[in-house]
Amino acid sequence: MMIRPRLIPLRTSLVRGYAAAAPARLQRNAGASAGLSPLAQAAAEEVTAKWRGTSALGGKTKNYIGGEFVESKADKWLEVRDPVSIPNHRQLRPETTEAEFKAAVDAASQAFKTWSTTSIMRRQRVMFDLQHLIRQHSQDIAKSIVLEQGKTFADAQGDVGRGLQVVETATAITSTLLGDKLEVASDMDTYSRRLPLGVTAAITPFNFPAMIVLWSAALATVTGNTLIVKPSERDPGATMIIAELCERAGLPPGVFNVVHGSAPTVNRICDDPAIKAISFVGGDKAGKHIYDRATPLGKRVQANLGAKNHAVIMPDANKNLTLNAVAGAAFGAAGQRCMALSVAVFVGTAREWIPELIERAKALKVSGGFEEHTDIGPVISHQAKERIEGFIASVEEEGGKILLDGRGVKVPEYPHGNFVGPTVVEAVTTMKAYQNEIFGPVLTIVSADTLDDAIEIINANRYGNGASIFTNSGATARKFETLADPGQIGINVAVPVPLPMFNWSGNKGSFKGDIPFYGKSGLDFYTARKTTTALWPAADAVGNRASVHMPQIH
C-alpha cells in the first residue's frame, strides 16, 4: 500500500496546447491548484482549458440554463475539495438562487413545447451523436471524476462506460417506444401510445457522477421530456461536461439544464408544480424526504436508497474465482457504491478460505487515482473517513473481530488524503457494522451453517438491492435465486448490476417508488400512456335516429 507510485503518461502536448488557448483562465486559477501531483495538475489544466462549465483549478462552477453556461449570482458558495491533495485545493460550486432555479424551470418548460413534438427520428439522431461524443471525450469526463471524487482513473472510465451503455440503449427508441393497436370491432380501432410527461428532474449522487446523470439524460430526453439535473455538490464537473456534449449533440436550448445546490435546491425541485417526475439516487434520509415531499404533489418519484449487499460462499465454489470476485466487489471504488459487496456469508467449511481472502485484500494498492496500478482511491471526504473508521471501531466495542484494519493507512505522496485501506471484520447481525450501510472499503464476514441459514440472514435484512451466491451446484444456485428476497441476484457474479436493456430491480428498503430505473421500466417512468378508440364506419352514416343504449362490441 505504500509503494511509490509510477506515473501514467498524460497527453501533455495537448495540455500545453489547450493552456495556450486559454492562458488567462489557467493563470487565474493556478494558485488554488497548488499541491496537486504532476499527474493531477496536468489533468486539471486540460479539463479546465477544454470545458466551459467547470474548472478543476479552483474556479467557479457555472449553472447551465437554457443552453447557456451562466455564472451564478449566489451569495453562498460551497467548496469542492480534492479528496487526495492538500486541503486548500478547491473549486467553488454555487447554492443556486431561487431566481436562477426558476429560470431553469422556465427554460425547460418552454423547450418542452417544441422538443415534445420533435420527431422520434430526430431525437434518435441526437442520441447517436451524444453516444459518439461521450465515447470521444470519455477520458476528459473520467479525469474530472478522479480530480473531484477520487476514483481510480480506470474506475472512472468504467463509470462513464456504464452511463454510455444507457445512451446506446436509448438509440433503439424507434423500436422500444412502439405503441399498441388492435381492431376491436368492425371499423373500430383502439390504440395506445407513450407521450412525454413534461419537465423532469434528476438528483444525482457523488459516487457515480457520470453514469447516473446519463441514466436520466438519455431516457428523459429521448422520450421527449426536458430535464433539470442537480448533481452532487461534491463533484459536479462530469455533469457540466455532459451538458456541453448534449449541446454539441443537438439538444435544443432548455432541454437539458443544470443547477447546483443542497437542500434548498432539492426542496424547490420537489415543490415546483412544473416538474412532473424526479429521479433520485443517494442515501436513505434524502431519498425518503424527496419521496415523501414530492409524491403528495402528484409527482412521480423513483428513489434508489441504501443497501447492504450479501454474497453467500458455499464450500463447493470455485475458490480462486470467488476470492477474486469478493475482494474486487468489496473494495473496488473504495466501497462507495450502492451495489458494493458489504457482507460475505461463509457457509460451513468455506470459512477456511478467510485467511486467503485477507491476503488478497492486503495486496491491493491504496493511492491517488491517477497513479499506476492503484486499486483503491480515497473516500469522498474527511467526514466520510471518520464515519467509516467509527464503524470499524464499533466492531471490537461490540465483541466482534477486526481481521484486517484499514484505519491509519499511509500514502506518503498524499499525506492529507482521505484514505481508508481494505478492512475485513467479523461480526454478527446485531452489530452496528452489519446493520448500517458503511459506504467504505469494509467487508463484514458472518457465518452460517447451511444455505437455509444464509438465506434467512439475507431476507431478514431491511435492504434489498442485490445478493450473490458462489457455488458449483446448479440446484443450490436455483434454490438461492428462488428464495432470496433482493431484486438483483448474482450467481458466481459479485456485483449483479443488470445491463440497461434490463430493469434495475432493487427492492425492499433500497427503493421507493413504483417504476424502477432504465430498461423498459425507465421508458414507463418518463412517459404516460394515452389510449384512443376510433370508429370509422365503412358504410355511409344514413340513419337518422340516435342510439341510447350501451354500445355492444361483438
Side-chain angles (χ1 to χ4, degrees), residues 7-64 69 71 79-86 89-94 133-161 163-164 206 208-211 213-214 229 231-248 258 260 368-371 377-378 380:
L7 303 185
I8 302 172
L10 292 175
R11 296 179 295 167
T12 52
S13 62
L14 285 178
V15 174
R16 286 193 293 268
Y18 285 115
R25 186 180 181 200
L26 294 177
Q27 291 172 9
R28 183 169 64 250
N29 297 322
S33 66
L36 286 177
S37 72
L39 290 174
Q41 182 71 29
E45 290 177 3
E46 185 170 6
V47 168
T48 301
K50 290 175 66 174
W51 301 98
R52 291 178 286 153
T54 185
S55 169
L57 293 173
K60 293 181 176 181
T61 300
K62 295 178 172 62
N63 288 318
Y64 183 70
F69 289 100
E71 189 156 317
E79 294 179 345
V80 179
R81 291 181 176 269
D82 174 10
V84 169
S85 279
I86 66 173
H89 171 66
R90 62 188 183 275
Q91 51 190 292
L92 298 174
R93 194 267 307 148
L133 288 165
I134 292 170
R135 190 176 296 280
Q136 184 179 357
H137 297 287
S138 62
Q139 289 204 8
D140 285 341
I141 303 173
K143 288 171 189 173
S144 176
I145 293 170
V146 177
L147 291 164
E148 294 181 351
Q149 200 268 356
K151 285 179 188 272
T152 66
F153 187 62
D155 195 33
Q157 289 179 300
D159 183 341
V160 180
L164 178 61
F206 76 84
F208 284 96
M211 179 183 78
V213 170
L214 290 171
V229 178
S232 169
E233 56 269 31
R234 299 186 183 277
D235 48 7
T239 300
M240 303 312 297
I241 295 174
I242 290 168
E244 188 164 345
L245 294 179
C246 287
E247 178 183 312
R248 295 185 192 179
V258 184
H260 304 282
F370 288 114
E371 315 300 343
I380 188 66

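We find the CD1-CG distance between I145 and D155 to be 9.0 Å, quoted to the nearest 0.5 Å. Expressed to the nearest 0.5 Å, how far CG of L57 lies from CD of E46 amounts to 11.5 Å. Atom CD of Q157 and atom NZ of K143 lie 9.5 Å apart (nearest 0.5 Å). One finds the OG1 atom of T54 at 11.5 Å from the CD1 atom of I141 (value rounded to the nearest 0.5 Å). Expressed to the nearest 0.5 Å, how far OG1 of T239 lies from CG of L214 amounts to 8.5 Å.
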**Message:** Please evaluate residues R135 and V160 with respect to the criterion side chain to side chain contact (heavy atoms under 4.5 Å, CB included), reporting the C-alpha separation (whole Å), side-chain torsions for both, the decisive distance (0.1 Å), and the verdict.
**Reply:** CA-CA 9 Å; R135 190 176 296 280; V160 180; over 6 Å; no

**Message:** Determine whether S144 and I241 satisfy the following criterion, side chain to side chain contact (heavy atoms under 4.5 Å, CB included), listing intermediate values before the conclusion.
**Reply:** CA-CA 9 Å; S144 176; I241 295 174; 4.0 Å; yes

**Prompt:** side chain to side chain contact (heavy atoms under 4.5 Å, CB included) between V229 and I242: does it pass, once the steps are laid out?
**Reply:** CA-CA 11 Å; V229 178; I242 290 168; over 6 Å; no

**Request:** Check step by step if side chain to side chain contact (heavy atoms under 4.5 Å, CB included) holds for Q139 and F153.
**Result:** CA-CA 9 Å; Q139 289 204 8; F153 187 62; 4.2 Å; yes

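Looking at residues two or more places apart in sequence or on another chain, you find a ring-ring contact (aromatic ring centres under 6.0 Å, His included) between Y64 and F69. Residues satisfying the salt bridge (Lys or Arg N to Asp or Glu O under 4.0 Å) test with E244, not counting sequence neighbours, are R52, R248.
The backbone N or O of S55 sits less than 3.5 Å from a side-chain atom of Q91, completing a donor-acceptor pair. T48 contributes a side-chain N or O that, together with a main-chain N or O of A56, makes up a donor-acceptor pair within less than 3.5 Å. Checked by atom type and distance alone, the side chain of D159 pairs as donor or acceptor with a backbone atom of M211 at under 3.5 Å. A side-chain donor-acceptor contact under 3.5 Å links Q149 to the backbone of K151. Here the side chain of H260 pairs no donor or acceptor atom with the backbone of E233 at under 3.5 angstrom.
What you find for M240 and V258 is that their closest heavy atoms are SD-CG1, 3.6 Å. Shown here for F370 and L39, the closest heavy-atom pair between the two residues is O-CD1, 3.4 Å. When all heavy atoms are compared, the tightest approach of S85 to S37 is OG-N, 4.3 Å. The minimum heavy-atom distance linking G377 with T152 is given by the pair N-CG2, 4.1 Å. Scanning both residues, A142 and A156, for their nearest heavy atoms gives O-CB, 3.6 Å. When all heavy atoms of R234 and V80 are compared, the closest pair comes out as O-CG1, 2.9 Å.
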